Amino acid sequence: MIEKRARLDYPRFRALPTRWADNDIYGHINNAAYYGFFDTAVNCFLIEEGGLDIHAGQVIGLVVETGCNYFAPLAYPETVEAGLRVVRLGNSSVSYEIGLFRVGEDQPAAQGRFVHVYVDRDTRRPVPLPDTMRAALAEIS
């Protein structure tokens, strides 16, 4: 279990609308959808602020670890506010924490971890983080 963080611990936020299909038969967001929220929050940040080119860039991130702690249910039609922070910035890897919050709430409904290893698109061998990406990630460390 990772240490539970409050809203103020996250330097970046992204609003993510839930979808009808996100709910499960029990009336709340299905566990698998949480990982989609994590992936979306991280990759939107990387594309918008870190210079990630998902279509033609030579450096890509491969997910090597994920996890989630659930504290309260979320359900469609809520908007989720995803807080993002970097907890470890290595040479070719980055460890993120993502908090999923109800709009305006201080405590997360869920909190996850997400680890990328950055590799060459063709060889799939680890490579150093590009300077633009490293600088953007350092801002949320």
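Note that this is a predicted model, so its numbers are computed, not measured.
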Determine whether Asp22 and Arg19 satisfy the following criterion, salt bridge (Lys or Arg N to Asp or Glu O under 4.0 Å), listing intermediate values before the conclusion. CA-CA 5 Å; Asp22 292 335; Arg19 305 165 307 159; 2.7 Å; yes
Taking the six-membered ring for Trp and the full ring for Phe, Tyr or His, determine whether the centres of Phe114 and Tyr35 are under 6.0 Å apart. no
So, Ser93 versus Arg88: side-chain donor-acceptor pair below 3.5 Å or not? yes
In Å and rounded to the nearest 0.5 Å, what is the CG to OH distance from Asp39 to Tyr96? 10.0 Å
Sequence neighbours excluded and cut-off under 3.5 Å, please list the side-chain donor-acceptor pairs for residues 46-58, or say none.
{"from": "Glu48", "atom 1": "OE1", "to": "Arg14", "atom 2": "NH2", "distance (Å)": "2.5"}
{"from": "Glu48", "atom 1": "OE2", "to": "Arg14", "atom 2": "NH2", "distance (Å)": "2.6"}
{"from": "Glu49", "atom 1": "OE1", "to": "Arg12", "atom 2": "NE", "distance (Å)": "3.3"}
{"from": "Glu49", "atom 1": "OE1", "to": "Arg12", "atom 2": "NH2", "distance (Å)": "3.1"}
{"from": "Glu49", "atom 1": "OE2", "to": "Arg12", "atom 2": "NE", "distance (Å)": "3.2"}
{"from": "Asp53", "atom 1": "OD1", "to": "His55", "atom 2": "N", "distance (Å)": "3.0"}
{"from": "Asp53", "atom 1": "OD1", "to": "Ala56", "atom 2": "N", "distance (Å)": "3.0"}
{"from": "Gln58", "atom 1": "NE2", "to": "Asp120", "atom 2": "OD1", "distance (Å)": "3.0"}
{"from": "Gln58", "atom 1": "NE2", "to": "Asp120", "atom 2": "OD2", "distance (Å)": "3.3"}
{"from": "Gln58", "atom 1": "NE2", "to": "Asp122", "atom 2": "OD2", "distance (Å)": "3.1"}

Are Tyr70 and Phe101 in one and the same hydrophobic cluster, where Ile, Leu, Val, Met, Phe, Trp and Tyr link if side-chain heavy atoms are under 4.5 Å apart? no
Hey, could you give me the CG/CZ distance between Asp106 and Arg7, rounded to the nearest 0.5 Å? 7.0 Å
CG on Leu16 to CZ on Phe37, rounded to 0.5 Å: 6.5 Å
Can you label the angle between the Tyr26 ring and the His28 ring as parallel, tilted or perpendicular, going by 30° and 60°? parallel
Supply the atom-to-atom distance Phe38 CZ to Leu100 CG, rounded to the nearest 0.5 angstrom. 5.0 Å
Main-chain N/O of Ala75 paired with Glu78 side-chain donor or acceptor, under 3.5 Å: yes
Interatomic distance, Leu137 atom CG to His116 atom NE2 [nearest 0.5 angstrom]: 10.0 Å
Any Val119 side-chain heavy atom under 4.5 Å of Arg125 side chain: no
From the list Val117, Val86, Val87, Val115, side-chain contact (heavy atoms from CB on, under 4.5 Å) with Val94 holds only for Val86
Check the side chains of Tyr10 and Gln111 for a donor-acceptor pair under 3.5 angstrom, ignoring hydrogens and angles. yes
Please check this pair: side chain of Arg85 against backbone of Asp9, looking for a donor-acceptor N/O pair closer than 3.5 Å. yes
Walk me through whether Glu97 and Arg113 qualify under salt bridge (Lys or Arg N to Asp or Glu O under 4.0 Å). CA-CA 5 Å; Glu97 282 183 1; Arg113 69 184 177 285; over 6 Å; no
What distance separates Tyr34 OH from Ile29 CD1, expressed to the nearest 0.5 Å? 6.0 Å
